[in-house]
Structures are given as C-alpha cells and as structure tokens.
Amino acid sequence: MQNSDVITHDVIVVGAGLAGTWAAMTAAENGVKDVAVLSKIHPLRSHSGAAQGGIAAVLNNVRPVAGTGPRGPLEQIPPGDDPVDSFDLHMFDTIKGSDWLGDQDAIEIMVKDAPDVVIQYEHMGCVFSRTKDGRINQRRFGGHSAPRANFSADRTGHVLLHTIHEQALFHNVKFYSEWYVMDLIIEDNITRGVVAINVLTGDIKMLRAKAVMFGTGGYGQAFKVTSNAYANTGDGVALAYNAGAPLMDMEFVQFHPTGLYRHGFLMTEACRGEGGYLINKLGERFMKKYAPDKMELAPRDLVSRSEQIEINEGRGVMEDGQGIYLDMRHLGREKIMSRLPEVRDLAIAFAHVDPIEDPVPIQPTAHYSMGGIPTTVDGEVLANANGDLITGFYAAGEVSCVSVHGANRLGTNSLLEASVFGRRAGRAIAEFVKGGAKLHPVPGDPAEKNRKMVQQLFDNDGTELVEDIVQDLKTTMTNKVGIFRDEEGLKSALDEIHNLQERFKNIRVMDKSKRFNTNLSMTLEASHLLTFSELIAAGALNRQESRGAHSRTDFPKRDDESWLKHTMAHKDEDGRPKFSYKGVTIYWDRFPPQERKY
C-alpha cells in the first residue's frame with residue numbers, strides 16, 4: 001500500500017448526525033486528540049436535522065443531588081403540583097411501545113441519562129421553546145403517559161444538530177464532507193479502518209484507525225414513500241454485514257402515520273401532540289375505534305395500521321383513496337404559527353394546502369429502522385448472540401440496535417437514543433484509545449481492491465440501469481414487506497429481491513467520470529439496498545407472529561412463547577443470511593410482558 005493512499009486517525013466516525021457527532025465530540029472532549037468524521041453529505045444536512053417534534057426526557061421533577069452543583073447527578077423530586085412523571089413511567093411507556101422486545105437494561109440507561117443530556121444541550125446553547133415561567137417546554141407525544149417531549153418549535157433536530165456540530169468543531173474534530181465509505185475493514189475480529197471515496201475528486205483512500213464508529217442512520221429509502229432523506233440508503237448496516245458483523249431485528253420497520261400524501265415528507269407527530277385530529281372521508285375521527293384511550297396519540301405502529309385499514313376498506317381520501325386527512329384547523333393560527341411553522345410551510349409548498357384553513361392529506365410512510373448493528377449499551381458492536389465483541393468497532397443511533405426500541409419506537413425517543421448512546425460510545429471510544437489501543441496493520445490493499453471494483457462497474461457494458469432496479473425494489477418492499485405482511489407476499493418479495501440481485505450484476509454505470517459521479521454513488525447505494533432488504537424480508541418471513549411494527553395477517557397474535565427474542569442475521573458462505581436468536585433483557589419483577597392495549 002502506498003503511503004499517499006493512506007490517511008490515519010486515532011478515531012474515525014462514519015456519519016455526522018447526532019449519534020456520530022456526539023461520539024466524536026465526546027471522544028475529543030475526553031482526551032482523544034485525533035478524531036475524524038466522514039459524511040457522504042454536508043454534515044449539517046445529516047438526517048438528524050429533519051427530526052421535528054422533540055427529544056424525550058423526564059424534566060419536570062428532577063434536580064441535581066444536593067451539593068453536587070448544576071451538572072451533578074440527578075434525583076427525582078416527589079410528585080407535587082406538576083403533572084406526574086417519572087423514570088419508571090418513561091421506562092414503562094418505552095417498554096410497552098416496544099411490544100416487550102426492547103432490552104430493559106438499555107431502556108433504563110436511556111431514560112435515566114435523558115435529563116442530563118437535555119440539560120447538557122441547553123448548557124451548550126441549544127435554543128428550546130419555553131414555558132411562560134422560563135422552563136423548557138414539553139408537549140405530549142404518542143405512547144407517552146405525560147408531556148415529556150422537549151422541543152424547539154417543530155425544528156428540534158435542526159437545533160440539536162447545529163448545537164453539537166459547533167461543539168465538535170470547538171473540540172477540533174476534523175470533518176470530511178462528501179466522503180462516501182465503500183468498505184469496512186475487519187480482519188481477525190479486529191477493526192482496521194475503512195475505504196472511502198472523495199466524491200469531489202473520485203479518489204479512493206484507505207483510512208486507518210484504532211477505532212471506527214458508525215452513526216450512518218437508517219434505511220427508509222428501500223420503500224416507495226418514505227420520510228427519509230435520499231441519503232438514507234442503509235450503507236452502514238450493509239457495510240457492517242458484508243464485513244462479517246451480524247445485524248439484529250431487521251424485520252422491524254416503522255411506518256409513520258403522517259407523511260405528506262405521495263411525498264412522504266414528515267408532518268411531525270407534534271401535530272397530533274398539539275391536538276390535531278385524523279379523519280377519514282366520512283369526517284370521522286376513526287382512532288376511537290382502534291385506540292379509544294389514546295386516540296391520535298396511540299403509538300405509531302397502531303395508528304399507521306389503523307389508517308391503512310381505513311384506506312383498505314374504502315374510507316380513504318384523495319382521488320385514489322390512498323390518503324387520510326390530518327385536521328389542525330381547530331388549533332388556530334397562533335398555535336400553528338408558533339408551534340408548527342415548518343409543517344405549515346411543507347403543507348403549503350408540496351400539498352398546496354394551508355393547515356390553518358384546510359385539512360392536510362397524509363398517508364403512512366416508511367420512517368424508522370428499529371433493527372441494525374447490535375451493540376452493548378456503550379456502543380461496542382457484538383460479534384454474535386453470545387456477547388463477544390468486534391474489537392475497535394462501535395455504533396450508535398438508528399444504524400445500531402441496542403435495543404431500546406424493540407419492535408416499535410415511541411416518538412421523541414430517537415433523538416434521545418442517538419444523543420445518549422452517541423455520548424456513551426464516545427466515552428467508551430476514548431477509554432479504549434487512551435487505554436493502549438493499537439493501530440493494527442491492514443492486510444493487502446483494500447483501497448486498490450475497491451478501485452478495481454469501481455473500474456469493473458465502469459467496464460461492464462450491461463443493460464440494466466440503477467434507477468430501474470431501485471424503483472422495482474421500492475415497489476416490492478412497499479407492496480409485500482410493508483405495513484401488513486403474509487407468507488405468500490414475503491416469499492414472493494424474497495424471490496423478487498434475489499432476481500434484482502442477479503439483475504444488478506448486469507448493471508451499467510452511464511457516467512464514467514471521476515468528479516462528483518452521482519451515478520456511481522447511486523449504484524453503490526443500490527447494492528446496499530439490495531443487501532439489507534433481503535434481511536428485512538427473510539427475517540419477517542421467519543417471525544411467525546405480529547409484534548409492534550411487524551404485522552403478519554396470517555399470524556395476527558403476539559407469540560411470547562416462541563418469539564420473545566431478537567433476530568440475529570449473519571452472512572453465510574453462500575451469501576445468503578443465516579439466522580440465530582438472542583434473548584431479550586427483561587426485569588421480570590418490574591416490567592413483565594403483558595397484553596399491549598391503548
């Protein structure tokens with residue numbers, strides 16, 4: 001390997017959203033001098049910035065332990081005049097939302113770290129919306145029993161991302177903007193670094209590191225209608241899987257109830273948290289049939305299924321009957337303008353509807369990936385279901401699976417998870433690097449191997465175009481691996497995915513240039529989409545029950561006796577997934593499984 005082809009850092013973080021930037025900033029803050037972040041887009045365009053509604057934390061009854069100062073450990077204040085909330089209640093809501101597939105030790109850590117993370121955001125300069133007496137404001141969110149969504153109007157992710165990015169720059173973290181990671185190098189269960197292409201120049205480099213952390217986000221782009229950015233093509237999960245790491249619970253994909261009709265742009269759950277209604281073409285608030293206690297603030301999986309049932313039974317809106325109305329007119333101009341200004345702008349720009357005057361057409365949209373790279377609560381990546389680790393490899397945020405979300409995530413727990421476990425991963429990385437971690441040698445020349453792979457793509461005079469393959473995959477995933485699933489559809493989906501994988505071998509890259517070759521990037525992304533989509537469909541076919549976001553019409557009941565366990569997918573020698581299973585951590589004396597009702 002030529003030295004000019006190698007870049008070296010102590011720590012390389014892939015992904016510049018909340019999880020990745022928290023990890024990078026925290027590692028630097030804890031004494032690691034050489035931390036770099038690679039992002040295939042501009043860091044401030046990371047998808048964390050698109051989150052709107054809030055970050056969950058029990059704030060209204062916690063305080064620093066006496067004598068420890070404003071940044072000291074927190075304790076709960078006995079309930080007083082404020083609405084009752086507690087760590088146990090936040091835990092229970094999250095566990096119930098997960099349909100008892102969330103690991104309760106990880107959930108407890110997330111819930112108890114939450115107030116400190118939010119307070120740290122505030123001390124770093126994050127601008128939260130306020131109550132009249134100056135406290136951070138909190139709104140209700142689906143599946144939560146008390147107002148605990150701490151928000152900044154409807155642009156919470158935006159302000160959190162800008163805040164943590166500034167702090168990373170302050171701590172001298174180096175950012176590589178528009179560098180696309182093509183390969184993760186793991187040899188002998190030790191992480192050696194990554195191979196990445198500089199999108200601007202087309203140069204492919206080996207980047208060596210003592211520790212690599214993935215914070216690459218989710219994979220909603222496998223579906224036709226999604227709230228996810230174009231960048232969310234599941235690169236991290238596919239790269240980890242191809243490098244030999246397992247993936248966990250990939251069959252659990254959340255559909256958000258309120259994506260803008262046909263576009264998928266998110267109409268934040270805060271619309272319902274502030275009091276918005278869901279109505280069908282008959283003008284009925286139909287959620288009274290499905291979740292009479294929570295109504296529109298039931299968990300997302302339940303609300304999305306309810307909407308889809310209304311649509312399937314002919315009560316949808318719009319010309320094709322595939323929409324539902326989100327009605328916020330009764331909230332009034334003042335509340336919409338102060339609490340939901342960006343939602344209003346999206347509705348006007350893309351649906352040509354002003355929510356102050358008219359209901360907004362929406363539909364369920366692929367939104368969040370509960371599954372991902374399995375990790376410990378400190379972000380260390382698991383090598384198998386036995387708890388063995390891959391040395392020097394870390395992950396946090398949506399690309400990971402701790403698992404705090406289990407079969408279904410509650411709103412506002414995603415920004416929280418990315419922040420809490422990104423910070424924890426950063427601390428663990430700092431301890432690992434400062435504890436004597438070595439820069440291990442890299443066998444062969446992975447950068448040259450990837451250059452040859454790209455050249456082979458350029459030389460391939462095939463007949464398939466990447467756009468056709470991706471659109472066919474999206475149609476298959478939406479129609480057969482979507483909100484409702486069954487054996488026939490899942491088997492058919494797997495056959496179609498395998499066919500698309502064969503068609504991909506005949507791909508033709510039209511643009512042969514080096515600089516800013518988006519045709520090449522889309523081709524690499526398509527290979528990742530095809531890789532993990534097989535795992536989603538195969539895992540869903542194996543799991544013969546309904547749990548959370550995984551809804552089998554041929555197995556409509558939850559089956560704790562057979563399926564209270566995590567799915568672990570490994571890449572077998574023939575390239576197909578091989579499945580094993582991992583137990584769920586449950587506090588049987590505190591939160592034993594029960595029927596999930598709302």
Side-chain angles (χ1 to χ4, degrees), residues 17-18 41-42 44-55 127 129 139-142 149 151-162 217-218 220-221 223-232 254-279 296-297 300 303-304 307 311 316-320 322-368 398 411-412 414-415 478:
L18 284 183
I41 55 178
H42 188 280
L44 291 177
R45 298 298 296 168
S46 298
H47 195 55
S48 295
Q52 297 168 332
I55 176 171
V127 182
S129 295
R139 57 166 58 118
R140 289 189 176 273
F141 247 68
F151 63 95
S152 180
D154 58 352
R155 57 179 72 93
T156 310
H158 179 86
V159 299
L160 298 185
L161 182 61
H162 278 252
Q221 281 297 323
F223 294 86
K224 206 167 190 176
V225 178
T226 177
S227 65
N228 283 199
Y230 285 112
N232 284 30
Q254 182 179 85
F255 283 75
H256 197 288
T258 53
L260 200 61
Y261 172 72
R262 286 189 175 174
H263 297 283
F265 303 140
L266 194 62
M267 304 293 285
T268 173
E269 192 166 311
C271 296
R272 289 171 285 133
E274 297 290 353
Y277 301 152
L278 294 173
I279 57 176
E296 285 87 2
L297 288 179
R300 291 172 177 174
V303 180
S304 291
E307 290 180 346
I311 290 168
V317 304
M318 310 305 286
E319 289 183 5
D320 60 1
Q322 296 301 302
I324 290 291
Y325 279 135
L326 172 62
D327 191 355
M328 296 179 283
R329 292 172 292 180
H330 56 285
L331 301 182
R333 172 179 289 273
E334 182 179 351
K335 178 173 274 193
I336 291 174
M337 294 299 291
S338 64
R339 301 287 186 91
L340 304 165
E342 291 199 354
V343 160
R344 177 175 182 258
D345 289 345
L346 280 172
I348 291 172
F350 294 99
H352 310 298
V353 171
D354 186 343
I356 295 173
E357 305 292 339
D358 295 292
V360 181
I362 51 92
Q363 67 184 126
T365 181
H367 179 62
Y368 191 85
E398 194 172 354
T412 70
S414 57
L415 293 180
T478 299

Between T258 and M267 (side chain of the first, backbone of the second, donor and acceptor by atom type, cut-off under 3.5 Å), is there such a pair? yes
Mark yes or no for whether T412, through its side chain, and I55, through its backbone, hold a donor-acceptor pair below 3.5 Å. no
Determine whether P355 and L340 make a side-chain contact, defined as any pair of heavy atoms from C-beta on separated by less than 4.5 Å. no
CD-CD distance between E398 and Q254, expressed to the nearest 0.5 angstrom: 9.0 Å
Short question: side chain of N228, backbone of H367 - any donor-acceptor pair under 3.5 Å? yes
Carefully, step by step, assess H256 and Y368 under the rule side chain to side chain contact (heavy atoms under 4.5 Å, CB included). CA-CA 8 Å; H256 197 288; Y368 191 85; over 6 Å; no
To the nearest 0.5 Å, tell me how far D154 CG sits from C271 SG. 7.5 Å
Residues E342 and R155: closest non-hydrogen pair is OE2-NE, 3.1 Å
Where the side chain of E296 meets the backbone of L278, is there a donor-acceptor pair that is under 3.5 Å apart? yes
Does a side-chain heavy-atom distance below 4.5 Å link P361 with V353? yes
Give the minimum heavy-atom separation between G276 and M328, together with the two atoms involved. CA-CG, 4.2 Å
Test item: Q52 side-chain N/O and T268 main-chain N/O as donor-acceptor pair under 3.5 Å: yes
Atom pair CG/CZ of L161 and R45 - distance to nearest 0.5 Å: 10.5 Å
Stepwise, does the side chain to side chain contact (heavy atoms under 4.5 Å, CB included) test hold for Q363 with E307? CA-CA 8 Å; Q363 67 184 126; E307 290 180 346; 5.9 Å; no
Quick one: sort the F255 and F223 rings into parallel, tilted or perpendicular, breaks at 30° and 60°. perpendicular
Nearest 0.5 Å, please: how far is CD1 in I348 from CG in L346? 10.0 Å
Any idea how F265 and H263 line up, ring-wise: parallel (<30°), tilted (30 to 60°), or perpendicular (>60°)? parallel
Closest approach of A51 and L415, non-hydrogen atoms and distance? CB-CD2, 3.6 Å
Do the side chain of S129 and the main chain of A153 share a donor and acceptor less than 3.5 angstrom apart? yes
Rounded to the nearest 0.5 angstrom, the CG-CG distance for D345 and D354 is 9.5 Å
Can you give me the closest heavy-atom contact between T365 and G259, atom names plus distance? CG2-CA, 3.4 Å
Closest non-hydrogen atom pair between S152 and V159, with its separation: CB-CG2, 3.6 Å
Test side chain to side chain contact (heavy atoms under 4.5 Å, CB included) on Y230 and H47 and set out the steps. CA-CA 9 Å; Y230 285 112; H47 195 55; over 6 Å; no
How close do R329 and I356 get, heavy atom to heavy atom, and via which atoms? CG-O, 3.9 Å
Criterion side chain to side chain contact (heavy atoms under 4.5 Å, CB included) on R339 and R139, from CA distance to verdict: CA-CA 10 Å; R339 301 287 186 91; R139 57 166 58 118; 3.9 Å; yes
Under a 3.5 Å distance rule, please check whether E269 uses its side chain to pair with a backbone N or O of G142 as donor and acceptor. yes
Rounded to the nearest 0.5 Å, what separates atom CZ in F151 from atom CG in L160? 13.0 Å
Looking at I324, D320, V317, V225, which hits side chain to side chain contact (heavy atoms under 4.5 Å, CB included) with Y261? D320
